[in-house]
Student: 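Following this message is one structure expressed as structure tokens.
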Amino acid sequence: GDVGHTLVLGPTGAGKSAVAKAGMAVWGDPAAFAQMAVGNNATPLSLFTMAGIRHNLPMLLDETTDWLPEKLSDFIYTYSSGRAKTQALPNGYLRDNSHLNWSNFCYFTSNRMASNVVYSTRSNSEAIAARIFEIEFPQMMFDSNNQALFAELNTNSGTAGVRFIEQVVKRKHVALTAIRHYQSKLR
């Protein structure tokens, strides 16, 4: 339970999807099967099935700007539970969704703040909004349609985590200073 969400937020063309895909590349090829869904082309059941398949690995839900506020809020609320909804079958029995549980986070992209959407649609909005980590990006200084950039990401996917940790260990004092700085802002 209590699974988090990372919203990559910014104007059209800011590079939100590129940044989210780069984040996904730490765990594997962001273009591989069941790693990414496009908001308007995915049903809630398909998204929760993807999360269950990925289990402990994050997923990317790209472009939720056009979702109705209730749909986005319901998705965040259900995803945060770490398990799929109970569903009925046409024959009156229940579908066995016990294998569809997860303890991962979901990157999602939008042109609007999800916390504002949640506050406008849910009575328990504080608890849901607390599970959203929103990162707002200004216009990026690179071409987010740069195919060479994505080819490099896909070629080296799954290896960034090792190099990242090596750099954190090597520059531990810099990382600790940054963490303490951001912790002080959260208090």
Side-chain angles (χ1 to χ4, degrees), residues 1-87 97 100-140 142-147 149-150 153-154 157:
D2 291 349
V3 176
H5 305 273
T6 301
L7 170 65
V8 181
L9 173 73
T12 299
K16 300 178 298 287
S17 299
V19 168
K21 287 176 185 176
M24 289 292 295
V26 172
W27 289 276
D29 180 356
F33 178 73
Q35 294 223 38
M36 182 181 103
V38 177
N40 287 333
N41 294 334
T43 66
L45 177 59
S46 71
L47 294 172
F48 299 130
T49 301
M50 281 177 61
I53 289 169
R54 301 205 39 80
H55 196 57
N56 292 316
L57 297 172
M59 62 180 256
L60 168 58
L61 176 55
D62 194 20
E63 196 47 70
T64 60
T65 302
D66 293 336
W67 279 18
L68 294 173
E70 293 77 14
K71 181 177 180 179
L72 181 60
S73 186
D74 287 348
F75 171 77
I76 292 169
Y77 182 76
T78 302
Y79 195 93
S80 295
S81 74
R83 59 187 178 279
K85 288 183 178 181
T86 303
Q87 296 174 310
N97 285 337
L100 294 179
N101 58 65
W102 54 89
S103 183
N104 58 20
F105 61 92
C106 180
Y107 289 102
F108 64 108
T109 64
S110 181
N111 293 2
R112 61 186 175 164
M113 293 186 73
S115 57
N116 290 345
V117 172
V118 169
Y119 285 126
S120 73
T121 60
R122 305 284 304 201
S123 60
N124 59 341
S125 58
E126 291 83 13
I128 298 168
R131 293 172 172 86
I132 305 169
F133 181 67
E134 294 175 314
I135 304 170
E136 188 165 2
F137 281 88
Q139 201 69 30
M140 300 302 272
F142 65 88
D143 178 7
S144 62
N145 293 316
N146 184 330
Q147 295 306 312
L149 172 70
F150 287 108
L153 264 179
N154 294 342
S157 61

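Keep in mind the model is a prediction, meaning the values are calculated, not measured.
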Student: Rounded to the nearest 0.5 Å, what's the gap from OG1 on Thr65 to CG on Leu72? Could you check?
Tutor: 9.5 Å

Student: With sequence neighbours left out, what residues match Thr121 under side chain to side chain donor-acceptor pair (under 3.5 Å)?
Tutor: Ser73

Student: So how far is it from Phe105 CZ to Leu60 CG, rounded to the nearest 0.5 Å?
Tutor: 10.5 Å

Student: Looking only at heavy atoms, what is the nearest atom pair of Ala114 and Glu134, with distance?
Tutor: N-OE2, 2.7 Å

Student: Quick one: CG on Leu100 to NZ on Lys85, what's the gap to the nearest 0.5 Å?
Tutor: 14.0 Å

Student: State, to 0.1 Å, how close Lys16 and Ser110 come at their nearest heavy-atom pair, and which atoms those are.
Tutor: CD-O, 3.3 Å

Student: Would you indicate whether the side-chain heavy atoms of Tyr119 and Glu126 approach each other to under 4.5 Å?
Tutor: yes

Student: Can you tell me how far CE of Met59 sits from CZ of Arg54, rounded to the nearest 0.5 angstrom?
Tutor: 8.5 Å

Student: Quick one: CD on Glu63 to OG1 on Thr109, what's the gap to the nearest 0.5 Å?
Tutor: 5.0 Å

Student: Okay, side chain of Trp102, backbone of Phe48: is any donor-acceptor separation there less than 3.5 Å?
Tutor: no

Student: Mind checking whether Phe75 and Trp67 have parallel, tilted or perpendicular rings, split at 30° and 60°?
Tutor: perpendicular

Student: Measure the CD1-OG distance between Ile76 and Ser115 for me, rounded to the nearest 0.5 Å.
Tutor: 8.5 Å

Student: On a heavy-atom basis, which atom in Val118 and which in Ala129 lie closest, and how many Å separate them?
Tutor: CG1-N, 4.2 Å

Student: Can you check whether Asn101's main-chain N or O pairs, donor with acceptor, with His55's side chain at less than 3.5 Å?
Tutor: yes

Student: Kindly give the heavy-atom pair with the smallest separation between Met24 and Tyr107, and that separation in Å.
Tutor: SD-CD1, 3.5 Å

Student: Between Leu61 and Cys106, what is the shortest heavy-atom contact and its length?
Tutor: CB-SG, 4.0 Å

Student: For the residue pair Ile132 and Met113, establish whether any side-chain heavy-atom pair is separated by less than 4.5 Å.
Tutor: no

